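So the structure is just underneath, and the comments pick up after that.
Model, not experiment: these values are computed from the prediction.
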Amino acid sequence: MEQISTKNASPPGGHYAQAVRHNGFVFVSGQLGFTPGTLERTAGSIEQETRNCLENVAAILEAAGSGLHKLVKVTIYVASIDDWPRVNAVYEEYLGAHRPARAIVPSGKLHHGFNVEVEAVASV
């Protein structure tokens with residue numbers, strides 16, 4: 001088991017790895033909408049928050065030798081299910097025709113007051 005770390009994505013805010021590579025898969029920890037590479041919050045829309053989450057996931061996957069095109073399972077937590085169509089539109093922009101397995105979980109407010117969090121599993 002190998003821990004993956006990159007300064008191109010937001011650093012962990014607790015006792016966990018950005019991702020772990022094991023047995024041909026990369027398990028990406030939940031990524032909030034911090035500006036990639038920082039723990040700064042970008043003021044903006046739910047769409048911008050979602051883009052930041054996916055940019056962080058993409059940077060971590062790249063560091064692990066993978067990419068968004070190799071995602072096999074994605075879990076997206078949203079503070080309000082009413083935001084789902086806007087989150088889904090950004091998700092579709094990033095993934096295009098690629099359709100990994102996915103779950104959407106209405107969660108109420110997330111840590112640091114964020115409205116979206118994305119965790120993922122990809123092949124290497």
Side-chain angles (χ1 to χ4, degrees):
M1 187 168 75
E2 177 187 358
Q3 291 186 10
I4 304 300
S5 180
T6 177
K7 55 186 167 183
N8 295 325
S10 298
H15 187 72
Y16 60 91
Q18 287 173 321
V20 172
R21 184 171 43 212
H22 185 69
N23 279 350
F25 289 95
V26 181
F27 301 87
V28 180
S29 295
Q31 298 298 305
L32 294 167
F34 289 114
T35 303
T38 76
L39 286 177
E40 296 175 15
R41 189 173 179 148
T42 304
S45 64
I46 191 80
E47 289 88 353
Q48 184 60 53
E49 198 173 307
T50 304
R51 283 183 186 94
N52 287 353
C53 290
L54 292 171
E55 289 291 336
N56 282 312
V57 169
I60 293 165
L61 289 174
E62 183 179 325
S66 186
L68 293 177
H69 66 289
K70 292 187 173 186
L71 286 168
V72 295
K73 174 69 169 86
V74 178
T75 304
I76 302 176
Y77 302 91
V78 292
S80 171
I81 198 65
D82 294 337
D83 289 328
W84 176 238
R86 295 164 61 196
V87 170
N88 191 58
V90 173
Y91 180 86
E92 186 176 354
E93 284 175 27
Y94 275 76
L95 272 69
H98 182 56
R99 293 176 179 250
R102 182 181 72 186
I104 178 69
V105 182
S107 64
K109 282 289 183 192
L110 295 158
H111 198 45
H112 301 291
F114 281 105
N115 296 297
V116 180
E117 182 172 356
V118 178
E119 68 177 3
V121 178
S123 62
V124 179

Heavy-atom donor-acceptor pair, S10 side chain to T38 backbone, under 3.5 Å
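Looks like yes, one N/O pair under 3.5 Å.
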Transitive ILVMFWY side-chain link [X] to [Y], under 4.5 Å:
| X | Y | value |
| --- | --- | --- |
| I81 | V90 | yes |
| L39 | F114 | yes |
| L110 | V105 | yes |
| I104 | L32 | no |

Any luck finding a side-chain donor-acceptor pair between E92 and N88 under 3.5 Å?
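The answer is no; no qualifying pair exists.
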Using distance alone, with no hydrogens and no angle criterion, decide if R86 and N115 have a side-chain donor and acceptor under 3.5 Å apart.
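No pair is found: no donor N or O on one side chain lies under 3.5 Å from an acceptor on the other.
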What are the two closest heavy atoms between [X] and [Y], and how far apart are they?
| X | Y | value |
| --- | --- | --- |
| A9 | I60 | CB-CG1, 3.6 Å |
| A59 | N8 | CB-O, 3.6 Å |
| G33 | C53 | N-SG, 3.5 Å |
| T6 | Q18 | N-OE1, 2.6 Å |
| A63 | S5 | CB-O, 4.5 Å |
| I76 | R102 | CD1-CD, 4.1 Å |

Per the ring pair (Phe, Tyr, Trp, His ring centres under 6.0 Å) rule, what does the pair list look like for residues 78-113, sequence neighbours excluded?
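Qualifying pairs: F34-H112.
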Tell me whether Q48 at atom CD has more than 12 heavy atoms from other residues, nucleotides or ligands lying less than 6.0 Å away.
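Yes, CD of Q48 has more than 12 neighbouring heavy atoms, counting only those of other groups under 6.0 Å.
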Can you confirm whether K7 is buried at NZ, in the sense that more than 12 heavy atoms of other residues, nucleotides or ligands lie under 6.0 Å from that atom?
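Result for NZ/K7: open.
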Show me the side-chain donor-acceptor pairs of residues 20-31 shorter than 3.5 Å, one per line, residues at least two apart or across chains.
from, atom 1, to, atom 2, distance (Å)
R21, NE, E2, OE1, 3.2
R21, NH1, A64, O, 2.5
R21, NH2, E2, OE1, 2.5
R21, NH2, E2, OE2, 2.8
S29, OG, A17, O, 2.6
Q31, NE2, S29, O, 3.0

If you look only at distance, which donor and acceptor atoms sit under 3.5 Å apart when one is on a side chain in residues 116-124 and the other is two or more places apart or in another chain?
from, atom 1, to, atom 2, distance (Å)
E119, OE2, Y77, OH, 3.1

Give, for atom OG1 of T35 and atom CD of E49, the distance between the pair rounded to the nearest 0.5 Å.
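So the OG1 of T35 and the CD of E49 are separated by 10.5 Å.
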